[in-house]
Each structure stands twice: as structure tokens, then as C-alpha cells.
Amino acid sequence: MIKKENRRLRVGVLGCGPIAQFAHLESCVKAKNADLYAICDAAPDLLARMGATYEPQKMFSDYDAMLADPDLEAVIVATSDAYHVPMSIKALEAGKHVLCEKPIGVSVEEGQQLADAVRRSGKILQVGHMKRFDPALQAAHDFVQNDIGQIFALKAWYCDSTHRYTNTDAVQPLPVTSKLARKPAGNPKADLRQYFMLAHGSHLVDTARFFCGNIVAVRARLSERAGAYCWFVETEFANGALGHLDLTVAVRMDWHEGFQLYGENGSVLAKTFNPWYFRSSEVEIFHEKDATSRKPLGADGHFFRRQLEGLADTALKGAPMRGADVEDGIASIRAMVAIARSVETGERVELASVTGAV
């Protein structure tokens with residue numbers, strides 16, 4: 001059991017659906033420096049069930065009412081993608097810090113609108129790219145930042161599996177659902193190209209940026225065969241490194257995620273597991289100077305709790321922000337839009353030039 005700190009961030013969770021149940025409600029309860037102060041959901045039955053299970057101090061059926069509570073300090077936006085930007089802006093305008101599930105939006109313009117709100121508010125917005133809080137990947141990131149020197153190339157892949165629900169259903173609690181749940185207009189899975197890119201590609205793009213910095217241009221191809229979608233993306237980074245990103249949904253094998261990164265003073269090999277195993281990545285860091293490898297254990301694999309603790313440290317103590325900020329979120333949107341445009345045109349697309357939605 002993690003020992004609680006005396007001063008803890010008072011957090012409200014917006015949305016009590018599956019992502020909140022699988023990740024965020026428990027994170028608030030377990031975090032050393034945060035508390036589950038409030039929950040909010042429009043479905044009264046779901047709100048009651050989650051309230052009985054997690055025992056927040058307050059429960060709300062109206063979001064504006066939760067935001068009006070002066071004791072609430074931060075909001076986790078755990079809703080459908082379509083609500084991420086408007087609900088985050090409402091929280092910022094109410095003077096609350098925000099942890100928003102990824103992606104922060106579906107268009108460049110949405111992202112910029114949210115960034116404007118962050119600047120006006122003076123509050124913190126952190127995007128829910130929880131893989132940045134994988135302790136083994138953090139160890140690899142430290143090596144890349146401090147010791148690897150010039151980066152030559154990155155090969156990264158994120159391949160969902162046809163067997164992923166067989167695997168995850170065995171380890172996840174049964175989600176509580178409600179017929180009264182508020183849903184966005186239309187079916188978010190109607191356009192699978194967009195849905196898979198937003199749900200999975202956002203992780204792949206952020207991992208690439210986390211290790212290699214800003215992406216300036218892409219050239220992408222998409223193959224749709226036998227119900228599978230496979231994007232191969234040539235990537236140019238601002239630091240001169242080259243990248244190859246493979247997003248495939250779904251491979252006929254186990255979950256397949258990781259990367260190889262080559263640099264002047266060493267290399268990194270990483271294998272990342274399905275996040276619902278709460279297992280840190282297997283990482284091998286090779287040091288050229290003495291021809292040895294290091295494999296950090298990363299025993300604490302609760303990335304969702306760790307990302308909330310990171311936000312709380314920044315909000316309460318002024319610690320440097322270790323998570324993805326709103327500019328990282330916009331950069332991810334730009335990369336995904338550029339990939340979509342490149343697939344459509346067959347041309348190289350510069351991220352600075354793109355507009356519109358994924």
C-alpha cells in the first residue's frame with residue numbers, strides 16, 4: 001500500500017464509463033498525493049454504483065455544479081473523444097487543473113482552441129499519454145536525453161491484436177454500463193480509419209515524439225486487407241533522425257508494441273505490453289562506451305496512477321511537468337492529420353502546413 005502524503009490534490013472524475021472504471025477511479029484512490037474528491041456522470045444508476053464502490057466525498061449529475069465546488073482542484077476528463085475539448089475548456093475556465101484522456105481532440109483547430117484556454121487560465125493541462133509514466137520507458141528516456149548523443153533512427157510499432165479482448169477480459173473487472181449513459185451524436189467507429197488512428201495512432205505518435213522530439217514531416221501508406229488496417233509511416237524528426245512507424249489493427253498474433261532506437265553512444269530496444277496488464281515495458285539499454293546492456297525492472301507498472309501523481313506534483317509543488325502538455329497534444333493531432341493527408345495524396349506532408357481533422 002502506498003503511503004498517502006498529507007497534502008493531496010482534490011480530484012473530480014468526469015465520466016464513470018469503462019476508462020474511468022479501469023484506470024482513473026482506482027488511480028485517484030491509490031495515488032499518494034491525490035484523492036477522489038468527486039465523481040460526475042449524467043447516468044444516475046452508474047453514478048450511484050461508482051459512488052458506492054469508490055466512496056468519493058461528493059457526487060454530481062451536473063458537470064457545472066461539480067466545477068462550481070470551490071474545494072475541487074482538478075478534473076480528469078474521462079469521456080468520449082468528442083467531449084474532450086469542450087469539457088476541458090469548461091474545467092480550465094472554472095480554475096481547475098485538467099488531466100484529459102487522449103487524444104485531446106480530433107482536429108488541429110480544436111487543439112489550438114484548447115491551448116488558448118490553457119494559456120488564459122494559467123492552469124495545468126496534462127494529456128493522458130500514460131506510457132510516458134512507464135518506469136522502464138522513463139529509464140530509456142533518461143538515457144536518450146543524457147547519454148545517447150545524436151539519434152540516427154527510430155523504428156516503432158503499435159499493433160493491436162485480434163486476441164486482445166480475450167486477453168483483457170480475463171484480467172479486467174466487468175465494466176458497469178448504463179442505458180442512460182450520455183453518448184456523442186453519431187457512431188465514433190463509423191470511420192474505422194479515423195477511429196483506429198485516434199485510439200491507437202495517438203499512442204504511437206506520442207512515443208515517437210517522447211524519444212525523438214518533434215516530427216516535421218511524414219510520408220504514409222495504408223493497406224486495408226482482410227479486415228486489417230496497416231499504416232507504414234516514414235517520419236522526419238526536427239533533430240535530423242529518421243523514423244519508421246508501423247500502426248496495424250489488428251495483427252494475427254499477440255499484442256505487438258515496442259521500438260528500436262539507434263544513437264551515437266548506444267541503442268534502446270523496448271517491448272511494451274497491453275496496458276491493462278499494468279506491466280512495465282521490457283527495455284534493454286545498450287551503452288557503447290563499455291559494450292554493456294542494462295535492463296531496468298520497472299516494478300511499478302500502474303501508469304495511470306503514476307500520471308496522476310505527476311500532475312499532482314506539478315500542481316501542488318511546482319515540480320517540472322513530466323507528462324504530455326497541450327502542445328504535445330496538438331503535435332500528436334498534427335501528426336495524425338498529416339498521416340491521413342499523406343495516405344490520401346501519396347505525397348510527403350509537412351506537419352506545419354496541415355489543418356482540419358484526422
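Not measured: the values here are computed from a predicted model. Each residue takes its place number in the sequence, starting with 1.
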Would you call [X] and [Y] a salt bridge, using N to O less than 4.0 angstrom?
X      : Y      : answer
Glu93  : Arg120 : yes
Asp64  : Lys90  : yes
Arg193 : Glu224 : yes
Glu257 : Lys131 : yes

Taking everything shown except [X] itself, do over 12 heavy atoms lie less than 6.0 Å from its [atom1]?
X      : atom1 : answer
Arg221 : CZ    : no
Asn6   : CG    : no
Lys4   : NZ    : yes
Arg182 : CZ    : no
Gln150 : CD    : no

*Just do the salt bridge (Lys or Arg N to Asp or Glu O under 4.0 Å) check on Glu327 and Arg334 with the steps written out, would you?*
CA-CA 10 Å; Glu327 295 301 331; Arg334 283 191 175 277; over 6 Å; no
Flag the pair [X] / [Y] as yes when at least one side-chain heavy-atom distance between them is below 4.5 Å, and no otherwise.
X      : Y      : value
Leu92  : Leu114 : yes
Asp328 : His129 : no
Glu309 : Lys30  : no
Met59  : Met50  : no
Leu9   : Asn33  : no
Leu72  : Lys96  : yes
Pro275 : Met130 : yes
Val283 : Lys295 : no

*Under the side chain to side chain contact (heavy atoms under 4.5 Å, CB included) criterion, do Tyr262 and Lys155 qualify, and how do the steps go?*
CA-CA 9 Å; Tyr262 312 128; Lys155 293 190 289 186; 3.3 Å; yes
Is there a path of hydrophobic side-chain contacts, each under 4.5 Å between heavy atoms, that joins [X] and [Y]?
X      : Y      : answer
Phe303 : Met321 : no
Phe304 : Phe210 : no
Ile148 : Phe286 : no
Val127 : Leu311 : no
Tyr195 : Val358 : yes

If only atom types and distance count, is the side chain of [X] paired as donor or acceptor with the main-chain N or O of [Y] below 3.5 Å?
X      : Y      : result
Thr314 : Ala319 : yes
Tyr83  : Lys183 : yes
Ser61  : Ala42  : no
His163 : Asp254 : no
Glu109 : Gly356 : yes

How many angstroms lie between [atom1] in [X] and [atom2] in [Y], if you round to the nearest 0.5 Å?
X      : Y      : atom1 : atom2 : result
His141 : Thr207 : NE2   : OG1   : 11.0 Å
Asp116 : Ser121 : CG    : OG    : 11.0 Å
Glu55  : Gln57  : CD    : CD    : 11.5 Å
Asp160 : Tyr229 : CG    : OH    : 13.5 Å
Leu247 : Trp157 : CG    : CH2   : 14.0 Å
His84  : Lys102 : NE2   : NZ    : 8.5 Å

*Run the numbers on Asn274 and Asn167 for side chain to side chain contact (heavy atoms under 4.5 Å, CB included), then give the verdict.*
CA-CA 9 Å; Asn274 186 300; Asn167 291 333; 5.7 Å; no
*Compute the centroid of each ring, for Trp231 and then for Tyr158, and state whether the two points are separated by less than 6.0 Å.*
no
Return the minimal non-hydrogen interatomic distance between [X] and [Y], and the atom names on each side.
X      : Y      : value
Ala20  : Gly15  : CB-O, 3.1 Å
Gln126 : Gly323 : CD-CA, 4.1 Å
Pro175 : Phe22  : CB-CZ, 3.8 Å
Ala250 : Ser161 : CB-C, 3.7 Å
Cys16  : Leu46  : O-CD2, 3.5 Å
Lys123 : Val118 : O-CG1, 3.6 Å

*Test log, rule side chain to side chain contact (heavy atoms under 4.5 Å, CB included), inputs Tyr54 and Val13*: CA-CA 11 Å; Tyr54 291 98; Val13 176; over 6 Å; no
*asked:* Could you walk me through whether Asp45 and Lys179 satisfy the salt bridge (Lys or Arg N to Asp or Glu O under 4.0 Å) test, starting with their C-alpha distance in whole Å, then the side-chain angles of each, then the deciding distance to 0.1 Å, before giving a yes or no?
replied: CA-CA 9 Å; Asp45 52 345; Lys179 293 180 180 179; over 6 Å; no
_Check against salt bridge (Lys or Arg N to Asp or Glu O under 4.0 Å), Glu5 and Arg7_ = CA-CA 6 Å; Glu5 296 180 358; Arg7 176 67 171 98; over 6 Å; no
*asked:* Applying the side-chain contact (heavy atoms from CB on, under 4.5 Å) criterion to Thr79, which one of Leu14, Ile19, Asp41 satisfies it?
replied: Leu14
_Criterion side-chain contact (heavy atoms from CB on, under 4.5 Å) against Ile333, the qualifying member of Val108, Val106, Leu198_ = Val108
*asked:* With side chain to side chain donor-acceptor pair (under 3.5 Å) as the criterion, how do Arg306 and Gln138 come out once you've worked through the C-alpha distance, each side chain's angles and the decisive distance to 0.1 Å?
replied: CA-CA 12 Å; Arg306 288 168 60 88; Gln138 286 179 324; 2.7 Å; yes
_Pairing donors with acceptors under 3.5 angstrom, does anything connect the side chains of His302 and Glu26?_
yes
*When you check the side-chain N and O atoms of Gln21 and Arg49, is any donor under 3.5 Å from an acceptor?*
no
*Name the one of Lys58, Arg8, Arg10 that satisfies side-chain hydrogen bond (donor to acceptor under 3.5 Å, both in side chains) with Tyr37?*
Lys58
*Run the numbers on Cys28 and Ile76 for side chain to side chain contact (heavy atoms under 4.5 Å, CB included), then give the verdict.*
CA-CA 10 Å; Cys28 292; Ile76 297 177; 3.8 Å; yes
